[in-house]
Number of protein chains: 2
Amino acid sequence: MGLRETKMERTRRFIADTAFDLFVAHGYDGTTIEQIAAAAEVGTRTLYRYYASKEALVVSFVENGLNAAMEAFEAQSDETPLSEALYAVIDSVEQTITANQARLLALYEIFDRTTGLRAGLADLDWSWRQKLAQQILRRPEAEGNALFAALVAANTMNVIEVVVHTWAASGGGVKIADITRESLELLRTKPIPVPAPAG
Amino acid sequence: MGLRETKMERTRRFIADTAFDLFVAHGYDGTTIEQIAAAAEVGTRTLYRYYASKEALVVSFVENGLNAAMEAFEAQSDETPLSEALYAVIDSVEQTITANQARLLALYEIFDRTTGLRAGLADLDWSWRQKLAQQILRRPEAEGNALFAALVAANTMNVIEVVVHTWAASGGGVKIADITRESLELLRTKPIPVPAPAG
DNA sequence: CTGCCACTTGGCAGTGACTGTCAAGTGACA
DNA sequence: TGTCACTTGACAGTCACTGCCAAGTGGCAG
C-alpha cells in the first residue's frame with residue numbers, strides 16, 4: 001500500500017472518529033458538516049468524498065461490525081449445519097459488541113436521541129437481510145427456496161436486532177452474552193407462534 | 001366534523017395524491033416540493049404542516065395499511081389464540097394490498113427506483129415492530145416476557161415484509177394470497193433453524 | 001533529481017429540503 | 001355581525017449535498 005492510500009485511510013478514520021466525538025458532545029443535529037470538516041481539518045467537499053452523507057458517518061460504525069459477521073458466516077463450509085453457521089453470525093456480533101461496549105453504547109445513545117437516524121440504521125438492516133438471504137439460499141438446507149432463505153435471514157437479523165436493542169436499552173447493564181443465550185433458548189423451547197386462521 | 005376539518009382532510013388527501021402522481025410521472029428525486037405544492041395549489045409552507053417531510057408523503061400510503069392491520073390485531077380478544085390474532089394482522093395486510101394492487105405496485109416501483117426512500121420504509125417497519133411487540137406483550141401467551149414479545153412481533157413483521165416484497169418483486173404476477181399461504185405453510189412444516197453452537 | 005501525469009483536495013456557487021416568523025385570510029361561535 | 005382561534009402563504013435563512021474548476025501532491029519514468 002502506497003503512501004497515498006495509507007494517508008487516505010488515516011484521513012477516513014480520522015473523519016469518522018472526529019464526527020463521532022462531536023456527535024457525542026453536541027448531538028447529531030447539533031453538529032454541522034462544516035464543523036466536522038473543520039475539526040477533521042479537511043474541506044467539506046473532501047469529507048463528502050470519503051462519506052456519502054452525514055448519516056453514513058454514523059452508520060459506518062455499525063457497518064464494520066456487520067461486515068465481520070457476514071465474513072464469519074461465509075467462512076462456514078457447506079458441511080456445517082445451517083443452525084451452526086448462523087450461530088457464527090450471532091457470535092461475531094456478540095464479540096464485536098463486547099470488544100467495543102462503551103463506544104457502541106454512546107453510538108446507540110445518538111441513535112436514540114435522533115429519530116431521523118433510525119432510518120439509516122433500519123436501511124442498513126434491510127440491505128443486510130437481503131445479503132444474508134442470498135448467502136443462505138446458496139446453502140443445501142435452503143433447497144433453493146428463496147422464500148425460506150428470506151425468512152431464515154430475517155429471523156436471524158431479528159435475533160441480532162432484538163438482542164442488541166435490549167442490550168443497548170439496558171445501558172449495557174446486562175451482559176450481551178446472557179441476552180443472546182436467553183433469546184436463543186427461548187426460540188428453542190418456546191416456539192414462535194405462526195399466524196394461522198381459526199380452526 | 002366541522003367544515004374546517006373536512007376541508008383540511010380533503011386538502012391532506014389531495015396533497016398526497018398529487019405528490020403520488022408526480023412521483024410516478026417524474027420520479028421521486030425528479031419532483032420538488034415546490035412542484036407538488038404548486039400542483040396541489042397550496043404554499044410549500046402549508047404542505048409541510050400536513051406532511052413533515054417529502055418522505056412522509058410516500059410513506060403515508062404504507063402507513064394507512066399498517067394502521068388497519070394494527071386495529072385488526074387490537075380487535076382480537078384475549079381469548080383468541082395468539083397465532084389466530086396474528087393471522088388477523090396478516091390477513092388485514094393481504095386485504096389492503098388486494099384492494100389497491102395497481103396503486104401499491106406503482107408505489108413499490110418508486111421505492112425501488114429511489115434507494116434513499118428505503119430508509120423511510122424501514123424506519124416505519126421498525127417503529128411498527130415496537131408497537132406490535134407492546135401489544136403482544138399484553139397477551140396472556142407472552143407471560144410478560146418482553147424478549148418473547150419482541151421476537152414474535154419481529155417474526156410477524158418479517159412474514160409481512162417478505163410476502164409483500166416477494167409480491168412486489170413479481171410485479172403483481174403472483175397472487176399475494178398464494179405467497180402468504182406458502183410462507184405460513186413453510187413456517188409450519190419446515191421450522192426456521194435456530195442459531196446454535198456446535199454440538 | 002526532476003519533470004510529468006494522475007489523483008486528491010478544497011473553495012465556490014448553486015439546488016433543494018426544511019424551519020421560524022409574521023401578516024393576512026377564514027371558519028366557528030357568541 | 002363581530003370577535004377569536006386557527007389556517008394559510010410568503011419570505012428569509014439554515015444546512016445537507018453536488019458540479020465544477022484550479023491548485024496541491026504522491027508516484028513514477030527518464
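Lettering follows sequence order; numbering is per chain, from 1.
Put simply, NZ on Lys54(B) is 16 Å from P on dT15(C), counting in whole angstrom units. Nucleotide dT14(D) holds its C1' atom 14 Å from the CD1 atom of Ile33(A), rounded to whole Å. Spacing between atom CG of Leu117(A) and atom P of dA16(D) amounts to 12 Å, rounded to whole angstrom units. The separation between Leu3(B) atom CG and dT7(D) atom P is 13 Å, rounded to whole Å. Atom OH in Tyr51(A) sits about 17 Å away from atom P in dA16(D), given to the nearest Å. Counting to the nearest Å, the P atom of dA17(C) and the CG atom of Asp29(B) are 9 Å from each other. Atom CD in Glu9(B) sits roughly 17 Å away from atom P in dG27(C) (whole-Å rounding). The distance from atom CZ of Arg10(A) to atom C1' of dG26(D) is 14 Å, rounded to the nearest whole Å.
Cation-pi geometry between Arg12(A) and Tyr51(A) is met: under 6.0 angstrom from the ring centre, within 45 degrees of the axis. Cation-pi geometry between Arg118(A) and Phe111(A) is not met: the NZ or CZ atom fails to fall both under 6.0 Å from the ring centre and inside 45° of the normal. In this structure, Arg13(A) fails the cation-pi test against Tyr50(A), since its NZ or CZ atom is not both closer than 6.0 Å to the six-membered ring centre and inside 45 degrees of the ring normal.
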Report task. Give the B/S/- string for nucleotides 3-13 of chain C, one per nucleotide from 5' to 3', where a protein heavy atom under 4.0 Å of the base yields B, of only the sugar-phosphate yields S, and otherwise -. Result -> ---BBSBBBB-

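A residue-by-residue look at Ser53(B) and Lys7(B) shows that Ser53(B) has its nearest nucleotide of DNA chain C further toward the 5' end.
Comment: Asp17(B) engages Arg103(B) in a salt bridge, judged by a side-chain N to carboxylate O separation of less than 4.0 angstrom.
Under the 4.5 Å side-chain heavy-atom criterion for ILVMFWY residues, a single connected hydrophobic cluster contains both Phe20(A) and Tyr48(A).
Looking at Ser170(B), its side chain does come within 3.5 Å of a backbone N or O of Val174(B) through a donor-acceptor pair.
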**Report entry** Residue pair Glu185(A), Lys190(A): steps toward the salt bridge (Lys or Arg N to Asp or Glu O under 4.0 Å) verdict
**Finding:** CA-CA 8 Å; Glu185(A) 186 66 19; Lys190(A) 188 170 179 173; over 6 Å; no

**Report entry** Verdict with supporting geometry, Arg129(B) and Glu161(B), salt bridge (Lys or Arg N to Asp or Glu O under 4.0 Å)
**Finding:** CA-CA 11 Å; Arg129(B) 276 163 202 254; Glu161(B) 218 171 75; 3.5 Å; yes

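Ring-plane geometry between Tyr28(A) and Phe23(A) is classed as tilted, the angle between the planes lying from 30 to 60 degrees on a 0 to 90 degree scale.
Residue Tyr48(A) places its side chain closer to dC17(D) than to any other of dA17(C), dC17(D), dC15(D).
Taking five base pairs at each end of the helix from dC1(C)-dG30(D) to dA30(C)-dT1(D), the local helix axes there meet at an angle of 10°, rounded to 10°.
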